[in-house]
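Below, chain A is the first sequence line, B the second, and so on; all start at residue 1. For clarity, every value in this text was computed on a predicted model and none was experimentally measured.
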Amino acid sequence: MPATSLDQVVSLAKRRGFIFPSSEIYGGLQGVFDYGPLGVELKNNIQADWWRTNVYERDDMEGIDASILMNRLVWKYSGHEETFNDPLVDCRKCHSRWRADHINGKCPNCGSTDLTEPRPFNMMFKTSVGPVADPDSFAYLRPETAQGIFANYLNVQQTMARKLPFGIAQQGKAFRNEINPRNFIFRVREFEQMEIEFFVMPGTDEEWHERWLEARLQWWESIGIPRSKIQVYDVPKEDLAHYSKRTFDLMYNYPTLGYEEIEGIANRTDYDLGSHSRDQETLGLTAKVHPNNDSIVRMTYFDPELKRHIVPFVIEPSAGVGRCVLAVLCEAYDEQKVKEPAADKLEAVGQALQSFLKSVGRNEKLSEEQKSALSERGEAIAANLSENLAQIESLLAMSGADQIEVAKKLRGQAQPLVDENFRTVLHIKPKIAPIKAAVFPLKRNNADLVNTAKSIRKQLQLTGMRTVYDDTGAIGKLYRRQDEIGTPNCITVDFQTLEDQTVTVRDRDSMQQVRVAIPELEAYLREQMK
RNA sequence: GCGGGAGUAACUCAGUUGGUAGAGUGUCUGCCUUCCAAGCAGAUUGUCGCGGGUUCGAGUCCCGUCUCCCGCUCCA
């Protein structure tokens, strides 16, 4: 069963080298994270799979990689400069928040003059450009990658001789100065996007919008996020972004966070190309755009059949890489029972759990919501304690649980049992797993086993599969280690290997082993990765 | 930004009325070990978040500050 608490995933990500807080040695920087050795593999694999699916396996797509710094006018006409820039103040008395330029040093709500300094609520980061740091020579770090595509629309369409419909795909960093970054890598200030701008004939946009929704759901399923875990949210008109006619948000049910957006699929109409175009009045635009006297080109498409210039509509599927990595980890996470816990110890945990639940009922500091959430969860665990033992940790991570005195006792009794009888395993789809195979000698004090294992690992690596060698523990410990990072196959060199050149290959999910001849290993592993 | 909680070894946590910092796990070395976190012996790590104060003496008491978590707020 997938992660029941975000903490489980955060802790695993840190412990095993997936994700670290940025510049941690100096106390970190809020809303910024680094990918470690395994995280970067997972992330790269996901991005490569997205690229393969959307660029290589379609015949209506091109890729680009635009710069992060762009001419400021891009952000003026995209609408971001206007909608991303507000100086805000907080009222210290009633805690309301106002735009500084809308009030006169006085809180409109309670009349207090005890206000914080105005802070620019500037979603866009600025950096100075050129040798002189005067106030006018700055550029924004892009808050979305999309504009790099729109700005290159004509370059791509003309150099690649594309006809509608076609799309441009891009992956890259974007930056937003979030007021309150939180929830691990879910809301961050520096993040990576995977975006497509798909250009279509006006009038066919709604049909393409639906088609892209379907295509994107298929992709999510292919990397291990089943449709049943995604809710398609048809964003209400009043909540739509300034550029959108209609948007589907794909919402994944994250543990702890609940349903949150992993991808937005927006119908951006002719807003963007229209906004960046000259001679707007001659284009018959449907979107409301700001008059543009700076652009030097018409962002149009000449239709050879209609024999006239039109402004394409745009469908934009846009996903965040970090949120995707997080969803994959949450969905793949599992704490699985591999042995039956000792009956007496299990009973002790059961009693501790019951006294925990009684304390919850009696505690006066907890809200009714917290009480019922804790009780409900606790009862569910108690109903089948031996299977659910590993979930006690996430019960104790729930809101309010830290108020209960016996929580520590419960954890103290449950944790050793979980360590002894459960394994943590990431059921990551093999094609995106950070490590494809690990190679072990059955015994590390036997030179023949060690050398054979090392040479197998090297041969496999030369085929392009990320593989590792490990002998720093007994075989069972080595298996568990790989389970925890989602390695789909473990190859063990044993004494029979030295006689007949076969090895055992152990499957991560079933823990079953098969014997495979060394020369057939690569083909066997490739088959597993499909 | 406001309110509440928490910061002690790589991790999970003990640490009594203030008296020289502990356990388990992990990691490393050696022995042993023929497939699922085995055993034995040894080694390893701390400015007790940071800065001040009280005290003969502070992990412990006081003040300030930073970071993280939860709730509110905000939100691409």
Side-chain angles (χ1 to χ4, degrees), chain A residues 6-7 10-12 14-17 21 24 26-31 80 83-84 86 88-98 115-117 119 121 123-124 143-144 146 174-184 186-189 191 193 239 241-242 249 256 260-261 264 266 318 320 323 338-339 365-367 369-370 393 396-403 408-409 411-412 414-416 418-425 440-446 449 472-484 490-498 503-506 508 511-513:
Chain A
L6 199 59
D7 290 346
V10 173
S11 156
L12 177 71
K14 171 84 194 291
R15 185 159 36 92
R16 300 312 308 267
E24 204 178 5
Y26 291 112
L29 180 63
Q30 231 191 342
H80 287 84
T83 54
F84 277 49
D86 301 318
L88 294 187
V89 297
D90 289 303
C91 172
R92 289 204 175 92
K93 198 171 168 203
C94 70
H95 310 318
S96 55
R97 174 169 285 163
W98 305 90
L115 304 175
T116 60
E117 288 300 302
R119 267 177 295 271
F121 170 53
M123 297 293 293
M124 289 195 287
E144 63 173 25
F175 303 83
R176 289 180 198 175
N177 199 1
E178 297 288 345
I179 303 170
N180 194 358
R182 244 198 226 185
N183 295 328
F184 197 43
F186 187 79
R187 175 161 292 121
V188 286
R189 294 196 164 117
F191 59 101
Q193 293 185 304
D239 293 341
H242 60 278
D249 281 348
T256 308
E260 291 285 356
E261 182 183 344
S318 169
R323 291 178 177 191
V338 288
K339 268 192 293 187
K365 286 184 185 171
L366 298 181
S367 72
E369 282 163 15
Q370 287 174 317
E393 188 55 39
L396 296 177
M398 284 172 68
S399 170
D402 53 342
Q403 302 280 339
K408 282 187 176 174
K409 187 185 169 194
R411 174 181 284 126
Q415 206 54 56
V418 173
D419 288 347
E420 198 183 332
N421 300 296
F422 284 67
R423 65 167 185 155
T424 302
V425 51
F440 313 136
L442 184 58
K443 291 177 62 172
R444 68 172 148 166
N445 59 2
N446 180 307
L449 296 182
T472 60
I475 193 77
K477 180 188 271 187
L478 300 182
Y479 285 148
R480 290 289 196 277
R481 232 183 236 164
Q482 297 299 324
D483 286 344
E484 212 175 15
C490 290
I491 295 158
T492 300
V493 173
D494 59 14
F495 292 95
Q496 193 181 328
T497 309
L498 302 179
V503 292
T504 67
V505 180
R506 177 249 194 201
R508 173 193 68 197
M511 295 170 49
Q512 298 298 306
Q513 289 178 308

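The salt bridge (Lys or Arg N to Asp or Glu O under 4.0 Å) check on A:R423 picks up A:D483, with sequence neighbours excluded. Contacts of A:R444 classified as salt bridge (Lys or Arg N to Asp or Glu O under 4.0 Å), with partners at least two apart in sequence or in another chain: none.
Taking atom CG of residue A:L449 and atom P of nucleotide B:U33, one finds them 14 Å apart after rounding to whole Å. The distance from atom CZ of A:R323 to atom P of B:C75 is 15 Å, rounded to the nearest whole Å. Rounded to whole Å, the distance from CZ on A:F186 to P on B:C74 is 17 Å. Atom CG in A:L478 sits roughly 10 Å away from atom C1' in B:C36 (whole-Å rounding). Going from atom OH of A:Y479 over to atom P of B:A37 covers 11 Å, rounded to whole Å. Taking atom CG of A:D7 as the reference point, atom P of B:U12 lies 11 Å away to the nearest angstrom. Going from atom CZ of A:F440 over to atom C1' of B:C35 covers 11 Å, rounded to whole Å. Between the CD1 atom of A:I491 and the P atom of B:C36 there is a distance of 19 Å, rounded to whole Å.
Proximity of A:E261 to A:R323: side-chain heavy atoms (C-beta onward) are separated by under 4.5 Å at one or more points. Using a 4.5 Å heavy-atom threshold, the side chains of A:M511 and A:V425 count as separate. Taking 4.5 Å as the limit, every side-chain heavy atom of A:E484 sits out of range of all side-chain heavy atoms of A:R480. For the pair A:Q482 and A:R506, the minimum side-chain heavy-atom distance is 4.5 Å or more. Residues A:L498 and A:L449 are in side-chain contact: their nearest non-hydrogen atoms beyond the backbone lie under 4.5 Å apart. With contacts defined as side-chain heavy-atom distances shorter than 4.5 Å, the pair A:K14/A:P21 qualifies. Residues A:D7 and A:T256 form no side-chain contact, since every pair of their non-hydrogen atoms from C-beta on lies 4.5 Å or further apart.
Remark: A:R189 fails to qualify as a cation-pi partner of A:F175 under the 6.0 Å distance and 45° angle criteria applied to the six-membered ring.
Going from the C1' atom of B:C31 to that of B:C48 covers 37 Å, rounded to whole Å. Comparing the P positions of B:G51 and B:U8 gives a spacing of 16 Å, expressed to the nearest Å. Annotation: B:G15 and B:U73 have their C1' atoms spaced 39 Å apart (nearest Å). Taking atom P on both nucleotides, B:U34 is separated from B:U25 by 24 Å, rounded to a whole Å. A gap of 48 Å separates the P atoms of B:G30 and B:G57, to the nearest Å. Using C1' as the reference atom, B:U60 and B:C2 are 30 Å apart when rounded to the nearest Å. On the P atoms, B:A9 is 14 Å away from B:U45, given to the nearest whole Å. The separation of B:A38 from B:C70, taken at their C1' atoms, amounts to 41 Å, rounded to a whole angstrom.
Residue A:T504 is tested with A:I491, A:T492, A:T497 for a side chain to side chain contact (heavy atoms under 4.5 Å, CB included); the sole match is A:T492.
Note on A:Q496: nothing from the nucleic acid sits closer than 4.0 angstrom, heavy atoms only. Nucleic acid contact class of A:R15 (heavy atoms, under 4.0 Å, all strands): none. Contacts of A:E144 with the nucleic acid, taken as non-hydrogen atoms under 4.0 Å apart, are absent.
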Please list, for nucleotides 25-32 of chain B, all pairs of protein and nucleotide N/O atoms separated by less than 3.5 Å.
from	atom 1	to	atom 2	distance (Å)
B:U27	OP1	A:R481	NH2	2.4
B:U27	OP2	A:K477	NZ	3.3

Between the protein and nucleotides 7-9 of chain B, list the N/O to N/O atom pairs that are separated by less than 3.5 angstrom.
none

Under 3.5 Å, which protein N or O atoms sit close to an N or O of nucleotides 41-49 of chain B? Give each pair with its distance.
none

What pattern of brackets, bars and dots sums up RNA chain B from 5' to 3', given Watson-Crick or G-U wobble pairs under 3.5 Å, [ ] for crossing pairs and | for another strand?
(((((((..((((.....[..))))((((((.......))))))....(((((..]....))))))))))))....
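You'll find a donor-acceptor pair under 3.5 Å spanning the side chain of A:R506 and the base of B:C36, going by distance alone.
Residues A:K14 and A:Q513 each lie close to RNA chain B; by heavy-atom proximity, the contact nearer the 5' end of the strand is made by A:K14.
Distances from the side chain of A:L442 to the nucleotides B:C11, B:U34, B:C36 place B:U34 closest. Closest to the A:I475 side chain, of the nucleotides B:C35, B:U33, B:C11, is B:C35.
Between A:V503 and A:V493, the shortest heavy-atom distance links the atoms CG1-CG2, 4.1 Å.
Atom CZ of A:R16 is separated from atom OG1 of A:T424 by 10.0 Å, given to the nearest 0.5 angstrom.
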